[in-house]
Peer 1: 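Handing you this structure, nothing more for now.
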Protein chains: 2
Amino acid sequence: MKTYRQSAILDLVSRQVVRSQNTLRRQLAARGITATQATISRDIKELGLVKRAADGAYQKAQIETPSPTVTGDRVRRAVVASLCRADRVQQLLVLKTDPGQAQPLAFALDQAAWPEVVGTVAGDDTILVVMRTAQSARILERRLGRWAQG
Amino acid sequence: MKTYRQSAILDLVSRQVVRSQNTLRRQLAARGITATQATISRDIKELGLVKRAADGAYQKAQIETPSPTVTGDRVRRAVVASLCRADRVQQLLVLKTDPGQAQPLAFALDQAAWPEVVGTVAGDDTILVVMRTAQSARILERRLGRWAQG
DNA sequence: CACAGACTTGCATAAATATGAAAACCTATC
DNA sequence: GATAGGTTTTCATATTTATGCAAGTCTGTG
């Protein structure tokens with residue numbers, strides 16, 4: 001239910017200007033989905049939506065500019081500084097970085113020499129990380145995500 | 001006054017996580033700027049700031065991403081202009097381009113932001129495209145083939 | 001100076017959003 | 001089917017944000 005409702009929210013929000021959670025609630029109701037404002041508030045939070053002050057409309061969030069927070073080891077700092085997005089397919093991770101930052105981040109990853117990391121290939125703003133297993137890829141993906149998002 | 005206050009707001013918001021207009025009011029006060037929450041609400045609207053639901057932090061709004069139609073067409077032109085060959089292994093596509101054309105074509109692919117495309121890594125005349133599934137890779141392979149051959 | 005017109009701000013309050021705590025609901029285990 | 005542990009949802013309400021309207025400010029004009 002939750003997933004279904006949340007994707008309906010994304011859909012509604014992408015199609016029209018939605019200014020309040022109550023409006024959203026009514027629109028969902030029209031699609032046969034019942035929920036309270038409280039639930040919708042939490043959905044919006046989980047979906048990472050954003051509310052534009054200019055017109056009060058909800059919108060999908062953009063990639064946030066990385067904060068210059070400096071903590072932890074080198075990989076972590078590099079991730080925080082330049083990782084935009086991480087995607088996983090099976091045992092492969094595709095990392096998107098700020099322009100020109102793929103090489104330094106990949107280098108940091110190589111240096112870390114984690115055993116589950118088989119190797120990396122870096123372009124300008126994309127790194128392909130080959131992991132030994134889908135399982136370990138999933139773990140790394142999550143760790144990177146946590147770091148990137150503060 | 002207004003301009004000065006608004007630029008102070010932008011500054012504060014870029015330096016730290018500000019979750020409410022009242023916090024902002026206090027921070028402004030600490031800088032010797034007095035204003036009510038009402039005024040700040042109006043400022044935020046004028047500045048076009050955005051409030052992330054995820055953590056309630058205010059943020060500068062991002063630039064809109066261009067429409068998929070436009071970028072999709074760009075990919076087609078890039079393919080017609082420089083794709084030599086496309087090979088597929090499972091969910092991976094290896095594209096061969098004219099010398100030096102890998103980067104621009106990969107860039108166009110990235111911009112298009114097709115959901116099935118997890119990411120790309122480009123060298124000089126070779127691009128590795130990671131697709132979400134072998135199925136979608138097959139479809140893209142065929143599409144590229146059609147485009148490349150006229 | 002007195003006044004008009006355009007902006008900006010504060011006040012009071014309406015509207016919208018977030019959240020603690022309890023209830024309802026799931027899922028797996030004995 | 002009873003129980004534990006987890007997740008999701010609601011209710012009630014606190015917190016936060018927006019806004020109509022009146023007052024204050026600024027600028028140019030006669």
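Computed from heavy atoms alone, side chains included, the values below leave out hydrogens, waters and symmetry copies. Letters go in sequence order (proteins before strands), and every chain restarts at 1.
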Peer 1: Taking only residues at least two apart or on different chains, which pairs with a member in residues 23-32 of chain B satisfy salt bridge (charged side-chain N to carboxylate O under 4.0 Å, His left out)?
Peer 2: B:Asp11-B:Arg31
Peer 1: Starting at CZ of A:Arg19, measure out to NZ of A:Lys51 and round the result to the nearest 0.5 Å.
Peer 2: 9.5 Å
Peer 1: Need two values: the first and the last nucleotide of DNA chain D, 5' to 3', having an atom under 4.0 Å from any heavy-atom of chain A.
Peer 2: D:dT8 to D:dC11
Peer 1: So if I take residues 19-26 of chain B and measure heavy-atom distances to DNA chain C, which residues fall below 4.0 Å?
Peer 2: none
Peer 1: Identify, with sequence neighbours excluded, every residue that meets side-chain hydrogen bond (donor to acceptor under 3.5 Å, both in side chains) alongside B:Arg138.
Peer 2: B:Gln135
Peer 1: Please work out which residues in residues 29-43 of chain B have a non-hydrogen atom less than 4.0 Å from an atom of DNA chain C and list them by number.
Peer 2: B:Ala35, B:Thr36, B:Ala38, B:Thr39, B:Arg42
Peer 1: What's the verdict on side chain to side chain contact (heavy atoms under 4.5 Å, CB included) for A:Ile127 and A:Val94, showing C-alpha distance, side-chain angles and the deciding distance?
Peer 2: CA-CA 6 Å; A:Ile127 305 170; A:Val94 176; over 6 Å; no
Peer 1: Starting from the C-alpha separation in whole Å, work towards a yes-or-no answer on side chain to side chain contact (heavy atoms under 4.5 Å, CB included) for A:Leu95 and A:Leu128.
Peer 2: CA-CA 6 Å; A:Leu95 311 183; A:Leu128 174 64; over 6 Å; no
Peer 1: Which of these, B:Val13, B:Leu49, B:Val50, sits in a side chain to side chain contact (heavy atoms under 4.5 Å, CB included) with B:Ile44?
Peer 2: B:Leu49
Peer 1: Would you grab the first and last nucleotide of DNA chain C (5' to 3') that comes under 4.0 Å of any non-hydrogen atom in chain B?
Peer 2: C:dT8 to C:dC11
Peer 1: Check side-chain hydrogen bond (donor to acceptor under 3.5 Å, both in side chains) between B:Ser20 and all other residues, then give those that pass, not counting sequence neighbours.
Peer 2: B:Thr23
Peer 1: Would B:Leu92 and B:Val130 count as a side chain to side chain contact (heavy atoms under 4.5 Å, CB included) here? Give the steps.
Peer 2: CA-CA 5 Å; B:Leu92 306 174; B:Val130 182; 3.9 Å; yes
Peer 1: For A:Gln37, check side-chain hydrogen bond (donor to acceptor under 3.5 Å, both in side chains) against everything at least two apart and list the hits.
Peer 2: A:Gln21
Peer 1: Apply side chain to side chain contact (heavy atoms under 4.5 Å, CB included) to the pair A:Leu24 and A:Ile9, showing each step before the final yes or no.
Peer 2: CA-CA 7 Å; A:Leu24 212 40; A:Ile9 289 176; 4.0 Å; yes
Peer 1: So which heavy atom on B:Ala106 is nearest to which on B:Ala122, and how close?
Peer 2: CB-CB, 3.6 Å
Peer 1: Mind grabbing the angle between the end helix axes of the helix from C:dC1-D:dG30 to C:dC30-D:dG1? Five pairs an end, 10° rounding.
Peer 2: 10°
Peer 1: Tell me, please, which residues at least two apart from A:Arg5 pass salt bridge (Lys or Arg N to Asp or Glu O under 4.0 Å).
Peer 2: A:Asp43
Peer 1: In chain order, what residues pass the side-chain hydrogen bond (donor to acceptor under 3.5 Å, both in side chains) check against A:Lys96, with sequence neighbours excluded?
Peer 2: A:Thr126, B:Asp110
Peer 1: Flag yes if A:Tyr58 and A:Ile33 sit in one hydrophobic cluster, no otherwise; membership is Ile, Leu, Val, Met, Phe, Trp, Tyr, and two members link when side-chain heavy atoms are under 4.5 Å apart.
Peer 2: yes
Peer 1: Under 3.5 Å, sequence neighbours excluded: what are the donor-acceptor pairs made by side chains of residues 78-87 of chain B?
Peer 2:
| from | atom 1 | to | atom 2 | distance (Å) |
| --- | --- | --- | --- | --- |
| B:Ser82 | OG | B:Ala78 | O | 2.9 |
| B:Arg85 | NH1 | B:Asp87 | OD2 | 3.1 |

